[in-house]
Amino acid sequence: MSILSDEDIHQINELLKKDISGWFKSRDGGPYLQEFQKKFAEFLGAKYAFAVSSGSASIYVALKAVGVGENDFVAVPAYTHVGSVAPILLAGAKPLFIDVNKYGNMDPEDLRKVVSVMKVKAVIVVHQLGMPCNMDEIKEASENAFIIEDASHALGAEYKGKKVGVLGDIGCFSIGGGRTKTIGTGEGGMIVVNDDHLAEKCKNIRNHGDRVTDCDYLCFNFRMSELNALIGLLQMKKLQFLIEWQVKNAEYLIENLPEYLEVPKPPPYVKNVHYIIGCHFSTEKTGMSRDAFLDKVKEKGYEGGLPRKNVGKGYEKLVSDVKFYARFRRALPMSEYLVRNTIWIDWHRYPRTKDEIDELLKVFKEIC
Ligand SMILES: Cc1ncc(COP(=O)(O)O)c(C=O)c1O
């Protein structure tokens, strides 16, 4: 089911007859793009938002804007999507993989350990599955490093009353896929920033130097088209509804999960938006392995495999176990534990209903 109404689709059709790029008349992009950025910035309480072509492009732009380059080190979790890490290598720098806590978020203690022996230029935190990182502790452990938030999973999540994305130096969002992320523009990303100088650099790097014809750093084309921007803009008016839907359903699902699927409780000062529900599976309580359990779920016809209809393993391996990144590997006990023992449930976001959740809960109870 599409989140776009017939009226929305009519508006997209009308745009198809006009300028679908938006960049030839204005170096700020087309009117829909500007409106989309404005609404996104307003939603987060950011001074600026810049739409780009993907989430990983947003992280690359952020890294270059804060001056990450050849041989710099950037701290990042390995328990994440490879798109959080690849931009570090693309920027010429090297990743320092940091372990995570029970939520799958960067462990400030492990970060502190690494920062005490290595000079870290930037730290990329990932608000994993919609759960905000402990930003106070991360900031303290980061010393003077720039902090980039990968908030791709956490649009609308809050830490101590502030939306994630504006808690560090630059916030990055993937808004790729039509249905994978909370809102999707087909492919796309968004950068949010408050600092004027960093904003200027992001803008230039995104658009061939923007107004600077004699730029002394590398710029490129990471622009978002007017067509993608309109698709994003049309979803902004539904964003609050989508977030409330997923949070309400997630809370119901978590409350009714069998005790062998444990979801760690968030601290009271965060709002977890439950992009996906990450459960710790207990072999002890079930007498079966996580994978055997998932096979049984599949046998019952509940594998899903699609965004918003999936029960699965989550990350199949750490980024540091991917061949290309293995040279940066270090021991990450909690990250390794999560890869082996986690079950991700994406069965609660719009348009999944409470009845569908009840059916899934029944399947879990039948298995064990
Ligand atoms: C946490 C996280 N970071 C970065 C990315 C990369 O985003 P994109 O595929 O839009 O480049 C993803 C993609 O799913 C992601 O989940």
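Indexing begins at 1, ligand by ligand and atom by atom, following the structure's order.
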Note every protein N or O atom lying under 3.5 Å from an N or O atom of ligand 1, pairing the names and giving the distance.
residue  : atom   : partner : partner atom : Å
ligand 1 : 3 (N)  : Ser84   : OG           : 3.4
ligand 1 : 3 (N)  : Asp150  : OD1          : 3.4
ligand 1 : 3 (N)  : Asp150  : OD2          : 2.6
ligand 1 : 7 (O)  : Ser174  : OG           : 3.3
ligand 1 : 10 (O) : Gly55   : N            : 2.8
ligand 1 : 10 (O) : Ser174  : OG           : 2.7
ligand 1 : 11 (O) : Gly55   : N            : 3.3
ligand 1 : 11 (O) : Ser56   : N            : 2.8
ligand 1 : 11 (O) : Ser56   : OG           : 2.5
ligand 1 : 14 (O) : Lys181  : NZ           : 2.6
ligand 1 : 16 (O) : His153  : NE2          : 2.9

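- Every residue two or more places apart in sequence or in another chain that forms a side-chain contact (heavy atoms from CB on, under 4.5 Å) with Val263 is listed here: Ile254, Leu257, Ile277, Cys279.
- Residue Lys119 places its NZ atom among 12 or fewer non-hydrogen atoms of other residues, nucleotides or ligands, all under 6.0 Å distant.
- Residues forming a ring-ring contact (aromatic ring centres under 6.0 Å, His included) with His153 (at least two apart in sequence, or on another chain): Tyr275.
- Figure legend: Lys94 and Phe328 shown without cation-pi pairing, the cationic atom not lying both under 6.0 angstrom from the six-membered ring centre and within 45 degrees of its axis.
- Scored by the side-chain contact (heavy atoms from CB on, under 4.5 Å) test, His10 finds Glu14 as partners (sequence neighbours excluded).
- Here the straight-line distance linking atom CD of Glu35 with atom CG of Leu230 works out to 11.0 Å at 0.5 Å rounding.
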